[in-house]
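Heads up, the thing below is written out as structure tokens.
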Amino acid sequence: MANFYTEHPEIKFHLSHPLLKHIVELKERGYADAGKYDYAPADFEEAMENFENVLELTGDVCANVIAPNAESVDAEGPRCENGRMIYASKTYENLDATIKAGLNGVTMPRRYGGLNFPMAIYSAINEMIAAGDTGFENIWSLQDCIETLYEFGDEDQRQRYVPRVCQGETMSMDLTEPDAGSDLQSVMLKATYDEENKCWRLNGCKRFITNGDSDIHLVLARSVEGTRDGRGLSMFIYDKRNGGVDVRRIENKLGIHGSPTCELVYKNAKAELCGSEKLGLIKYVMGLMNGARLGIAGQSTGTSQMAYNEALSYARDRKQFGKAIINFPAVYDMLATMKAKLDAGRSLYYATSRYVDIYKTLEDIERDRKLTGEKLTAEERQECKAFSKLADAFTPIAKGMTSEYANQNAYDGIQVHGGSGFMLEYACQRLYRDARILTIYEGTTQLQTVAAGRYITNGFYGQIIDGFLAKGERGYALENASAFSEVASQSEEWCSEEFLPLKEKIAKMAAKYNEAVNYVNEQKNDELKDFCIRHLYEMAGDIIMALLLVGDAVKDAEMFGKSARVYIRYVDAEVEKHYAFVMSCTEADLEYYGKN
């Protein structure tokens with residue numbers, strides 16, 4: 001029987017990273033739940049066995065329920081009736097299968113009914129569900145909104161809402177409006193306090209809301225009358241059971257047809273404040289969006305995997321001129337490059353997940369300790385700070401680069417199919433349509449370059465690249481983890497002799513990247529910097545992923561050696577292209593481009 005986990009050993013490889021043991025031990029608080037819950041592990045080996053069982057079950061559900069339903073869901077799509085959203089019929093089967101498999105509340109503590117799994121394991125589940133159906137991943141993965149409620153809500157709210165999500169209720173984040181897309185400071189949905197009923201009331205309209213008729217909503221609304229910027233915005237929890245929100249319409253989209261994108265009308269809807277007033281955009285949405293962006297990196301990785309799978313299968317079966325087309329250089333070049341981008345993007349995705357895991361778990365430990373008057377140790381605070389910065393720097397690259405690769409792989413997947421790829425009976429066309437949104441929602445690639453911009457110009461990506469060149473990603477990451485820092489500082493050369501030529505090529509790319517960054521900084525022109533930033537962003541992403549992939553190849557040459565060699569050839573040309581563009585850029589170019 002097909003299984004998306006056992007068929008893709010690359011996923012398991014990324015869960016063998018030495019940092020995962022540290023993550024699990026932090027998450028389990030010394031395995032304190034053992035004995036309290038029959039599914040809580042007593043040690044790391046038992047925790048890994050639990051993960052393996054759940055991931056195999058996920059792989060089965062994705063391969064044998066979600067993926068076979070994808071074409072039907074794409075054809076039928078959701079619909080709107082009497083102000084409510086109704087999923088495509090097979091979507092209900094998908095939801096039922098994931099609930100029965102226990103794939104809800106994955107990262108939530110067991111005291112609320114969750115699995116208490118690390119983000120890295122959630123990321124593996126997310127990738128497989130996206131491979132089954134990119135659109136359904138949106139519905140399933142929005143359970144991640146509960147992270148924001150858990151982090152910023154009070155204990156009463158946690159007890160009332162977290163168990164519901166763990167039992168399978170759905171969530172949405174209601175942010176954008178007809179006049180407030182990327183510019184969330186312009187949100188005008190009105191929140192007023194109802195003194196008589198001691199609650200907040202929401203009035204207005206939200207647009208482009210994924211899974212907008214969900215059970216529990218996190219809503220960005222303007223609670224301070226007379227304001228027009230982010231300082232007047234707060235985060236609210238809306239419970240569908242209370243009524244007051246109708247679905248006006250469901251958008252008719254190019255792709256991800258199974259994912260309902262709704263326009264919502266709030267009519268005096270009862271809501272409650274999440275966290276503190278006026279911090280909705282400044283603090284809470286930033287955390288919410290970073291989680292969503294990591295989710296899109298997983299969605300992109302799963303989509304890339306399926307685009308590659310479909311292309312590879314077709315190329316093996318399709319014969320022209322007396323032989324399978326996979327034997328033609330023009331085809332195997334495309335396939336090898338698709339696989340290299342997939343492997344590089346996946347490595348970046350899991351690295352980012354691990355960094356998020358550590359700082360989020362340490363922040364949670366800090367919240368727990370505050371209840372007893374304790375604090376993080378100095379070493380823990382330093383570790384939290386280091387991994388928080390790494391996560392913040394890696395997230396925009398992970399979201400932007402993996403989503404761009406998903407589009408490129410979906411495009412090449414159709415090309416491998418030739419004329420057949422243009423026919424609707426082949427899944428590659430659905431993957432192509434589904435992939436297109438990945439570079440747009442939760443912040444376009446252009447906005448990811450803005451988010452990454454300060455880490456480019458202040459040299460932090462350059463520092464990461466230098467650290468990876470010196471110690472490899474594993475050594476660099478472990479050095480920042482207090483439990484491993486001494487061991488990591490004594491580590492030997494991370495790159496084997498077999499792959500030293502690739503490392504040397506990457507070092508030359510890094511020198512060009514640093515030269516290009518210095519050139520832009522020396523111009524002291526913000527417009528020129530913004531004009532060049534996408535090129536610097538891609539250079540940084542290319543080099544970081546190249547180092548990650550070489551590190552993977554050193555650990556498993558059979559699995560990643562080919563991809564590492566193909567990818568370094570690919571990004572060598574990409575870095576040279578971007579370098580040439582940036583180094584030739586002047587203020588005169590700005591005037592020319594601006595006029596045209």
Side-chain angles (χ1 to χ4, degrees), residues 83 142 145 147-154 156-157 160-161 171-214 216-249 251 261-293 392 441-444 446-447 450-451 453-454 526 530:
L142 275 165
C145 293
E147 290 275 355
T148 298
L149 192 153
Y150 172 75
E151 184 174 354
F152 300 114
D154 58 36
D156 174 63
Q157 290 170 332
R160 286 187 289 118
Y161 291 110
M171 292 195 75
S172 65
M173 51 180 180
D174 302 4
L175 307 180
T176 59
E177 298 179 5
D179 296 317
S182 297
D183 181 17
L184 290 176
Q185 290 193 94
S186 300
V187 161
M188 294 305 294
L189 186 88
K190 189 175 182 180
T192 53
Y193 192 71
D194 181 345
E195 290 285 354
E196 182 179 351
N197 294 289
K198 304 300 179 186
C199 68
W200 289 85
R201 300 287 180 180
L202 304 179
N203 286 279
C205 181
K206 290 288 184 182
R207 193 182 182 201
F208 293 156
I209 306 305
T210 301
N211 203 36
D213 202 20
S214 66
I216 303 165
H217 302 227
L218 293 182
V219 188
L220 185 65
R222 189 162 297 281
S223 61
V224 183
E225 193 171 355
T227 61
R228 300 195 68 84
D229 62 14
R231 290 170 292 184
L233 297 171
S234 302
M235 182 71 76
F236 295 89
I237 305 167
Y238 164 74
D239 186 343
K240 183 179 175 181
R241 295 173 180 178
N242 293 325
V245 178
D246 288 329
V247 179
R248 177 183 284 168
R249 59 178 295 215
E251 304 292 345
T261 305
C262 304
E263 184 170 321
L264 306 177
V265 179
Y266 283 77
K267 297 178 181 177
N268 217 31
K270 180 181 178 182
E272 54 188 285
L273 186 68
C274 182
S276 301
E277 196 177 352
K278 298 190 286 189
L279 294 181
L281 180 61
I282 297 168
K283 187 174 184 179
Y284 307 147
V285 167
M286 293 303 102
L288 191 63
M289 291 294 286
N290 272 343
R293 287 168 178 172
D392 195 53
Y441 61 9
E442 311 306 347
T444 62
Q446 288 69 29
L447 284 177
V450 172
R454 64 190 172 117
D526 287 342
D530 292 344

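Everything numeric here is computed off the predicted structure, so don't read it as measured data. We use all heavy atoms of the structure for the numbers below, so side chains are in, but hydrogens, waters and symmetry mates are not.
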**Q.** Minimum heavy-atom distance Leu233-Val187, with the two atoms named
**A.** CD2-O, 3.7 Å
Q: Specify the closest pair of heavy atoms between Met173 and Ile209, including all atoms of both residues, with the distance to one decimal.
A: O-CG2, 4.0 Å
Q.
Considering only residues two or more places apart or on different chains, which pairs with a residue in residues 276-286 satisfy side-chain hydrogen bond (donor to acceptor under 3.5 Å, both in side chains)?
A. Ser223-Glu277
Name all residues meeting the side chain to side chain contact (heavy atoms under 4.5 Å, CB included) criterion together with [X]; count only those two or more places apart in sequence or in a different chain, and write none if there are none.
X: Arg454; result: Asp392
X: Phe208; result: Thr176, Glu251, Thr261
X: Val450; result: none
X: Ser214; result: Thr170, Ser172, Asn211, His217

For [X], all residues meeting side-chain hydrogen bond (donor to acceptor under 3.5 Å, both in side chains), sequence neighbours excluded:
X: Asp526; result: none
X: Tyr266; result: Asp174
X: Arg201; result: Asp194

Q) Pairs in or reaching into residues 176-193: which pass salt bridge (charged side-chain N to carboxylate O under 4.0 Å, His left out), with residues at least two apart or in two chains? A) Glu177-Lys206
(Q) By the salt bridge (charged side-chain N to carboxylate O under 4.0 Å, His left out) test, which pairs, at least two apart or in different chains, include something from residues 221-238? (A) Asp229-Arg231
Q. Got a second to check how far Leu218's CG is from Leu175's CG, nearest 0.5 Å?
A. 8.5 Å
Q: Taking the side chain as every heavy atom from C-beta outward, state whether Gln157 and Ile237 have any atom pair closer than 4.5 Å.
A: yes
Q. Quick one: are Met286 and Leu281 in side-chain contact, heavy atoms under 4.5 Å?
A. yes
Q.
For residues 171-207, which residue pairs pass the ring pair (Phe, Tyr, Trp, His ring centres under 6.0 Å) check, not counting sequence neighbours?
A. Tyr193-Trp200, Trp200-Phe236
Q) With sequence neighbours excluded, what pairs up with Glu272 under the salt bridge (Lys or Arg N to Asp or Glu O under 4.0 Å) test? A) Arg160
